Amino acid sequence: LMLVAFALTMLARSAQGFNQLSLPLLRRASLAAPRLYSAIDEGSSVLPHSPTPPTAENSGAGAAPFVPRKFVPFPFAYHEELEATVDSLTNLGVGVCRVQIAKEEEEEEEENMIETRGWVVFVPSVLPGERVRLRVYRNHASYSSADLVEVLEPSEHRVTPKCAIFDTCGGCQYQHAEIGYQRSWKRQHVVELLEKIGGVDREEAEGLVLDTVGTDEVFHYRSKLTPHYDAPRNRESIDVIGFQKKGTRSLIDVPYCPIATEEINEVLGDVRRGVNERLAKGELKKKKGATLLLRHADEGVVFDHNEYVTTTVKGVKFRFKAGNFFQNNPYMIGHMVDYVMEKARGKDRDVTHLVDCYCGSGLFCLSASKDFDVCVGIEVNDKAVAEAADNAELNGIENCEFIAASAEQIFMGGRVQDFPRDKCAVVIDPPRKGASEEFLEQLLKFSPKRIVYMSCGPDTQARDIKILLVGGHYKLTELVPFDLFPQTRHIESCAVLERIEAA
């Protein structure tokens with residue numbers, strides 16, 4: 001099929017050849033292209049996919065326009081421009097347009113019948129309701145990807161991005177939308193995921209998902225920045241230090257980042273110059289490029305992954321290596337901690353024992369110590385467990401214990417097996433991939449009074465919630481999105497599940 005697609009591409013370079021092609025044949029050839037989840041890991045920006053520069057072979061009078069060798073010419077020609085209305089946004093922040101195309105079907109009598117249907121085209125940097133002009137750069141088996149050429153009818157929620165390179169930098173997806181609109185869409189994404197993946201009725205999901213919680217600090221909030229650079233081709237200078245371009249794996253130079261703290265931006269220029277100074281001295285050891293670190297903590301901005309730093313949250317000091325994981329929005333983290341502790345305790349403060357799974361450096365466990373009799377945290381990273389134990393000592397906290405093991409092992413015996421189930425809450429904060437089925441099964445068997453599930457992946461959270469609701473032993477009482485990273489598509493969300501008591 002790929003060979004057929006290639007041959008058809010060659011024919012499509014002439015209008016006459018393309019007009020003589022069978023559309024069904026083109027469509028079958030397009031099926032050779034891989035299907036991509038949500039179709040948007042190739043989300044693009046405003047015209048980053050420009051044609052290859054003219055060469056002797058493709059320039060000159062009468063030469064056919066350049067077309068990528070693997071381009072599939074159905075249903076649109078390469079760089080064909082279209083006008084469309086944006087229907088919605090995906091959970092990755094890319095606009096969804098539906099374009100009516102001609103579809104040709106072969107019938108038994110070998111006669112063709114043309115009908116119209118809505119073909120999905122994904123385009124970045126747009127908002128629902130906008131009328132836009134777009135330019136197609138890739139056709140997939142069931143959708144197309146396009147660049148934004150022009151906004152013909154802008155949304156009332158559109159604003160001017162603060163970042164000069166927003167259209168090409170892959171770091172932010174929503175700077176063109178006012179903050180209230182960003183947060184309403186983040187809530188909508190959580191509702192849709194809870195319905196489609198979690199299996200919750202749409203009307204019920206609308207009632208369970210509350211408004212997105214955020215703060216006024218929507219720029220200059222990020223306390224960790226990790227710009228990258230590739231190995232210099234000429235070994236003389238590194239001209240690009242930044243992040244990936246939208247829709248590509250190549251880097252774009254980022255001399256200033258408006259979502260990073262002002263303190264980070266103040267030293268970013270010096271850090272960038274330092275890279276080239278080390279290059280000139282022959283001190284750069286990694287030939288394939290590297291990732292820099294700028295971590296803003298209580299001590300200031302540090303650059304060494306192994307240097308210990310301190311961050312204070314709600315009066316509790318957390319000491320950890322600068323390169324280790326810790327929440328990167330100091331303005332929001334206190335609100336998240338307050339919410340988790342409030343829901344874990346319950347309205348009647350009927351819980352005395354807390355289990356903190358995937359505890360990291362002890363954020364929730366140590367923050368909860370003043371409100372619970374006993375807290376136990378578990379983390380697979382033994383170095384993080386050592387940090388958590390040190391943080392307990394640093395803060396004079398004596399009712400917290402930390403265990404180095406996988407989350408699945410916490411219910412297999414030991415300390416927590418003696419916890420009274422009617423007075424126990426379990427907090428889980430797994431990585432983006434979510435919790436394992438083995439862990440969820442053991443959690444259900446353990447049967448705590450309350451489960452508080454914090455997540456950085458609302459899709460995997462919805463999947464896990466569906467498992468926890470099977471059997472009717474728990475009910476989902478509410479789910480709150482947190483806008484930890486304004487201007488981006490990223491969502492933190494916290495679900496609260498209560499055990500259903502037997503009648």
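For clarity, every value in this text was computed on a predicted model and none was experimentally measured.
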Taking all atoms of both residues into account, what is the closest heavy-atom pair of [X] and [Y], and its distance?
| X | Y | result |
| --- | --- | --- |
| Met454 | Cys494 | CE-CB, 3.7 Å |
| Ser145 | His140 | OG-NE2, 3.4 Å |
| Val86 | Leu127 | CB-O, 3.3 Å |
| Cys169 | Val254 | SG-CG2, 4.4 Å |
| Leu469 | Leu476 | CD2-N, 3.8 Å |
| Ala146 | Leu134 | CB-CD1, 3.7 Å |

Please name all residues satisfying side-chain contact (heavy atoms from CB on, under 4.5 Å) with [X], sequence neighbours left out, ordered by chain then number.
| X | value |
| --- | --- |
| Gln188 | Trp185, Glu192, Arg202, Glu206 |
| Gln175 | Pro161, Lys162, Cys163, Phe166, Cys172, Phe219, Pro258, Gln487 |
| Arg463 | Ile197, Thr460 |
| Glu478 | Leu210, Tyr339, Lys343, Val480, Val496 |

query = What pairs of residues pass the salt bridge (Lys or Arg N to Asp or Glu O under 4.0 Å) test when at least one of them lies in residues 428-443, not counting sequence neighbours?
reply =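 Every candidate salt bridge (Lys or Arg N to Asp or Glu O under 4.0 Å) pair involving residues 428-443 fails, so no pair, neighbours aside, qualifies.
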query = Taking only residues at least two apart or on different chains, which pairs with a member in residues 354-363 satisfy salt bridge (Lys or Arg N to Asp or Glu O under 4.0 Å)?
reply =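 Sorted result for residues 354-363: empty, none.
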Any [X] side-chain heavy atom under 4.5 Å of [Y] side chain:
| X | Y | answer |
| --- | --- | --- |
| Leu479 | Ser493 | yes |
| Ile259 | Phe485 | no |
| Ile500 | His473 | no |
| Leu294 | Pro227 | yes |
| Val96 | Phe122 | yes |
| His490 | Cys456 | no |
| Ser361 | Asn391 | yes |
| Pro448 | Val355 | no |

query = Are there more than 12 heavy atoms of other residues, nucleotides or ligands under 6.0 Å from atom CD of Glu262?
reply =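 It does: Glu262 CD has more than 12 such atoms within range.
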For [Y], does its backbone N or O pair with a side-chain atom of [X] as donor and acceptor, under 3.5 Å?
| X | Y | answer |
| --- | --- | --- |
| His305 | Lys321 | no |
| Glu178 | Gly180 | no |
| Asn139 | Phe74 | yes |
| Ser223 | Asn328 | yes |
| Glu263 | Val301 | no |
| Tyr221 | Pro486 | yes |
| Asp422 | Lys449 | no |
| Arg345 | Ala425 | no |
| Gln173 | Arg489 | yes |
| Arg135 | Asp147 | no |

inquiry  = Checking Leu444 against Tyr474 for the side-chain contact (heavy atoms from CB on, under 4.5 Å) test, could you report, in this order, the C-alpha distance in whole Å, the side-chain angles of both residues, the deciding distance, and whether it holds?
reply    = CA-CA 9 Å; Leu444 287 170; Tyr474 284 88; 3.8 Å; yes
task = Dump the intermediate steps for salt bridge (Lys or Arg N to Asp or Glu O under 4.0 Å) on Glu150 and Arg133, then the final yes or no.
result = CA-CA 5 Å; Glu150 181 183 2; Arg133 177 176 292 113; 2.6 Å; yes
Does [X] have any ring pair (Phe, Tyr, Trp, His ring centres under 6.0 Å) partners at least two apart in sequence or in another chain, and if so, which?
| X | value |
| --- | --- |
| Phe419 | His353 |
| Phe402 | none |
| His157 | Tyr181 |
| Tyr174 | none |

query = With ring centroids as reference points, do Phe320 and Phe326 lie under 6.0 angstrom apart?
reply =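 Ring centres of Phe326 and Phe320 closer than 6.0 Å.
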Once you round to the nearest 0.5 Å, how far does [atom1] of [X] lie from [atom2] of [Y]?
| X | Y | atom1 | atom2 | result |
| --- | --- | --- | --- | --- |
| Ser144 | Tyr137 | OG | OH | 10.0 Å |
| Lys186 | Asn91 | NZ | CG | 12.0 Å |
| Leu443 | Ser436 | CG | OG | 10.5 Å |
| Asp464 | Leu440 | CG | CG | 4.5 Å |
| Asn265 | Leu225 | CG | CG | 7.5 Å |
| Phe372 | Leu354 | CZ | CG | 5.0 Å |

inquiry  = Set out, in order, the CA-CA distance, both residues' side-chain angles and the distance that settles side-chain contact (heavy atoms from CB on, under 4.5 Å) for Asp230 and Val240, then state yes or no.
reply    = CA-CA 8 Å; Asp230 293 328; Val240 177; over 6 Å; no
request  = Quickly, which of Leu292, Leu268, Ile252 forms a side chain to side chain contact (heavy atoms under 4.5 Å, CB included) with Ile241? Name it, please.
outcome  =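 With Ile241 as partner, Leu292, Leu268, Ile252 yield a single side chain to side chain contact (heavy atoms under 4.5 Å, CB included), made by Leu292.
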inquiry  = Using side-chain contact (heavy atoms from CB on, under 4.5 Å), reason through Cys257 and Ile264 one step at a time and then give a plain yes or no.
reply    = CA-CA 9 Å; Cys257 180; Ile264 286 178; over 6 Å; no
message = By the ring-ring contact (aromatic ring centres under 6.0 Å, His included) test, which pairs, at least two apart or in different chains, include something from residues 430-462?
response =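 Applying ring-ring contact (aromatic ring centres under 6.0 Å, His included) to every pair that reaches into residues 430-462, excluding sequence neighbours, yields Tyr358-Phe439, Phe411-Phe439, Phe411-Phe446.
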ask   = How would you list, by chain and number, every residue that makes a side chain to side chain donor-acceptor pair (under 3.5 Å) with His228, sequence neighbours excluded?
value =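 By the side chain to side chain donor-acceptor pair (under 3.5 Å) rule, His228 matches Thr291.
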ask   = Does a side chain donor of either Asn324 or Glu387 reach within less than 3.5 Å of an acceptor in the other side chain?
value =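 Note: Asn324 and Glu387 side chains meet the donor-acceptor criterion.
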ask   = Arg98 and Val120: side-chain contact (heavy atoms from CB on, under 4.5 Å), yes or no, with the steps?
value = CA-CA 5 Å; Arg98 296 186 183 276; Val120 172; 3.1 Å; yes
